[in-house]
*Asks:* 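Dropping a structure here in structure tokens format, bear with me for questions.
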Amino acid sequence: MDSPHGAAVKAEDFGLKGPRGWAFRGVGIDAAPGSLIAVEGPSGSGRTCLLLALTGRMKPTQGHAEVGGHRLPKRMTAVRRIAALGPVSGVNELDQALTVAEQLREGALLQRHYGAPVRAMLRPRAERRAVAEARISAALEAAGLDLATLPKAGRTSVRDLERLESVRLSVAIALLGSPGLLALDDLDLKLSDTERAEAWDLLRSVAARGITVLAVCSEAPADAVVLRTSPKVPDAPDGPAAAESEGGTGDDSENDSEKDSSNESENDSKNDSENDSENDDTKGADDALAEAGRA
């Protein structure tokens, strides 16, 4: 497997609006090649849409970005050539009907047809097979997936893989094309703390090879370049000042009751407004994601 130069990722006031609202907006980043980038945020906050936009799979509607020197949205095709997708639900999923070996061969075949130079197609069949096997072996090693440890080795069904094994297989397939950027969605989904640490160690090792890594997660590791799709909520005040602002120091229980009732009504109205805004943003992300074609 080749050792490509990672793709620098830059964005300024980057945003995408769907038919019913914003999927994400106001995103900015300046990450060097070979960086480990974590897209952090709650589910429904536009994380997947941001990942697909930065890999040239979705067209942004605000601001601009640059991946590997290719400006978005003008050069989406060029970005797709250098950005490989790992697992992305509904866009780039493993085929549960195949075995692990079949999935790898299919990935190598697609790479040969769409990513390799024309002269590679003119090589003798035996040579093409040897090259593909060597590339698969190197990708598996980089992804930390040893087929001998699987229940039926390469004949193990994809549907029988553990979650972390599926992640490693998806990474191996993505690395077959020697990308400058590797993007993964929901990295820490359904992983234990130990498995989550292993998954991040895997991505660090990929980044150490010079490949820029972009991973969606609920909680980013301390050493990652963090990219958020929603602003952080400030911590609630505490201490005497907070106590005075919340309850006061008076003894008039009737006034306290009236204040509590008024505050409760005001808070209900505010919560309804916030929930409506959150639902609009979630709908915007869902709508935008529905428009993304299969990568």
*Asks:* Please report the closest heavy-atom contact between Gln96 and Ser157, naming both atoms and the distance.
*Replies:* O-OG, 3.6 Å

*Asks:* I want to check something: taking the side chain as every heavy atom from C-beta on, are Arg135 and Ser178 in contact at a cut-off of under 4.5 Å?
*Replies:*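 Yes. Closest side-chain heavy atoms under 4.5 Å.
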
*Asks:* Using modelled atom types only, decide if a donor and an acceptor are shared between the side chain of Thr156 and the backbone of Lys152 within a distance under 3.5 Å.
*Replies:* yes

*Asks:* Does Ser192 have any side chain to side chain contact (heavy atoms under 4.5 Å, CB included) partners at least two apart in sequence or in another chain, and if so, which?
*Replies:* Thr194, Glu195

*Asks:* Which heavy atom of Ser35 sits nearest a heavy atom of Ala32, and at what distance?
*Replies:* OG-O, 2.5 Å

*Asks:* Going from CH2 on Trp200 to CG on Asp223, what distance comes out if it is rounded to the nearest 0.5 angstrom?
*Replies:* 8.5 Å

*Asks:* With side chain to side chain contact (heavy atoms under 4.5 Å, CB included) as the test, pick out the partner of Val213 among Leu184, Val225, Ile37.
*Replies:* Leu184

*Asks:* Check the pair Leu175, Ile211 against side chain to side chain contact (heavy atoms under 4.5 Å, CB included), reporting the backbone distance first and the verdict last.
*Replies:* CA-CA 9 Å; Leu175 293 179; Ile211 302 171; 3.7 Å; yes

*Asks:* For Glu141, enumerate each residue passing the salt bridge (Lys or Arg N to Asp or Glu O under 4.0 Å) test, keeping only those at least two apart in sequence or located in another chain.
*Replies:* none

*Asks:* Using the test salt bridge (Lys or Arg N to Asp or Glu O under 4.0 Å), find all partners of Arg155 that sit at least two apart in sequence or belong to another chain.
*Replies:* none

*Asks:* Just jot down the side chain to side chain contact (heavy atoms under 4.5 Å, CB included) partners of Ala183, sequence neighbours excluded, or say none.
*Replies:*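 So Ala183 forms a side chain to side chain contact (heavy atoms under 4.5 Å, CB included) with Leu51, Thr55, Leu85, Leu214.
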
*Asks:* Just verifying a value: how many Å separate Arg57 CZ and Thr48 OG1, rounded to the nearest 0.5 Å?
*Replies:* 13.5 Å

*Asks:* About how many Å separate CG of Asn92 and CG of Leu94, when rounded to the nearest 0.5 Å?
*Replies:* 8.0 Å

*Asks:* Enumerate the side-chain hydrogen bond (donor to acceptor under 3.5 Å, both in side chains) contacts for residues 162-176, please, sequence neighbours excluded, ordered by first and then second residue.
*Replies:* none

*Asks:* Are Leu50 and Leu189 connected in a single hydrophobic cluster, I mean Ile/Leu/Val/Met/Phe/Trp/Tyr linked by side-chain heavy atoms less than 4.5 Å apart?
*Replies:* no

*Asks:* Pair Asp193, Arg196 - check side chain to side chain contact (heavy atoms under 4.5 Å, CB included), show working.
*Replies:* CA-CA 5 Å; Asp193 291 343; Arg196 188 178 297 114; 2.8 Å; yes

*Asks:* Residues two or more places apart in sequence or in another chain: which of them pass salt bridge (Lys or Arg N to Asp or Glu O under 4.0 Å) with Asp188?
*Replies:* none

*Asks:* When you group the ILVMFWY residues by side-chain heavy-atom contacts below 4.5 Å and let the links chain together, are Leu169 and Leu147 in the same group?
*Replies:*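 Both belong to a single hydrophobic cluster.
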
*Asks:* Which heavy atom in Ala220 sits nearest to a heavy atom in Val226, and how many Å separate them?
*Replies:*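 Heavy atoms only, the tightest pair is CB-CG2, 3.8 Å.
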
*Asks:* Restricting to pairs with a member in residues 46-56, which pass salt bridge (Lys or Arg N to Asp or Glu O under 4.0 Å), not counting sequence neighbours?
*Replies:*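 Qualifying pairs: Arg47-Asp186.
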
*Asks:* If you round to the nearest 0.5 Å, how far is CD1 of Ile29 from CG of Leu227?
*Replies:*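 Result: 4.5 Å between the selected atoms.
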
*Asks:* Listing request: all side-chain hydrogen bond (donor to acceptor under 3.5 Å, both in side chains) pairs with a residue in residues 63-74, at least two apart in sequence or in separate chains.
*Replies:*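 The answer is His64-Arg71, His70-Arg75.
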
*Asks:* What are the two closest non-hydrogen atoms of Thr212 and Ala7, and how far apart are they?
*Replies:*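 Minimum heavy-atom contact is OG1-O, 2.7 Å.
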
*Asks:* Is there a path from Leu98 to Val88 through hydrophobic residues (I, L, V, M, F, W, Y) whose side chains come within less than 4.5 Å of each other?
*Replies:* no

*Asks:* Using the test salt bridge (Lys or Arg N to Asp or Glu O under 4.0 Å), find all partners of Arg105 that sit at least two apart in sequence or belong to another chain.
*Replies:* none

*Asks:* Is a side-chain N or O of Thr229 found less than 3.5 angstrom from the main chain of Ser45, in a donor-acceptor match?
*Replies:*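 Yes.
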
*Asks:* Starting at CG of Leu16, measure out to CG of Leu54 and round the result to the nearest 0.5 Å.
*Replies:*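 Answer rounded to 0.5 Å: 10.5 Å.
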
*Asks:* Are Asp146 and Leu140 packed together at the side-chain level, in the sense that at least one heavy-atom pair is separated by less than 4.5 angstrom?
*Replies:* no

*Asks:* Please report the interatomic distance NZ(Lys59) to CG(Leu52), rounded to the nearest 0.5 Å.
*Replies:*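 Nearest 0.5 Å value for the NZ-CG distance: 16.0 Å.
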
*Asks:* Sequence neighbours left out, what passes side chain to side chain contact (heavy atoms under 4.5 Å, CB included) with Asp30? Give chain and number order.
*Replies:*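 With neighbours one apart ignored, the set is Lys10.
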
*Asks:* What I'd like to find out is whether the side chain of Val39 reaches to under 4.5 Å of the side chain of Asp185, using heavy atoms alone.
*Replies:*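 Side-chain contact under 4.5 Å: no.
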
*Asks:* Side-chain donor-acceptor pairs under 3.5 Å in residues 77-84, sequence neighbours left out?
*Replies:*
| from | atom 1 | to | atom 2 | distance (Å) |
| --- | --- | --- | --- | --- |
| Thr77 | OG1 | Arg80 | NH2 | 3.1 |
| Arg80 | NH1 | Gly56 | O | 2.8 |

*Asks:* If every non-hydrogen atom of Ala199 is compared with every non-hydrogen atom of Leu187, which pair is closest and at what distance?
*Replies:* CB-CD1, 4.0 Å

*Asks:* Can you list everything that forms a side chain to side chain contact (heavy atoms under 4.5 Å, CB included) with Gln62? Sequence neighbours excluded, please.
*Replies:*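 Only Asp13, Trp22, Arg25 meet the side chain to side chain contact (heavy atoms under 4.5 Å, CB included) criterion with Gln62.
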
*Asks:* What are the two closest non-hydrogen atoms of Gly6 and Pro33, and how far apart are they?
*Replies:*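 Smallest heavy-atom distance, with atoms named: O-CB, 3.2 Å.
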
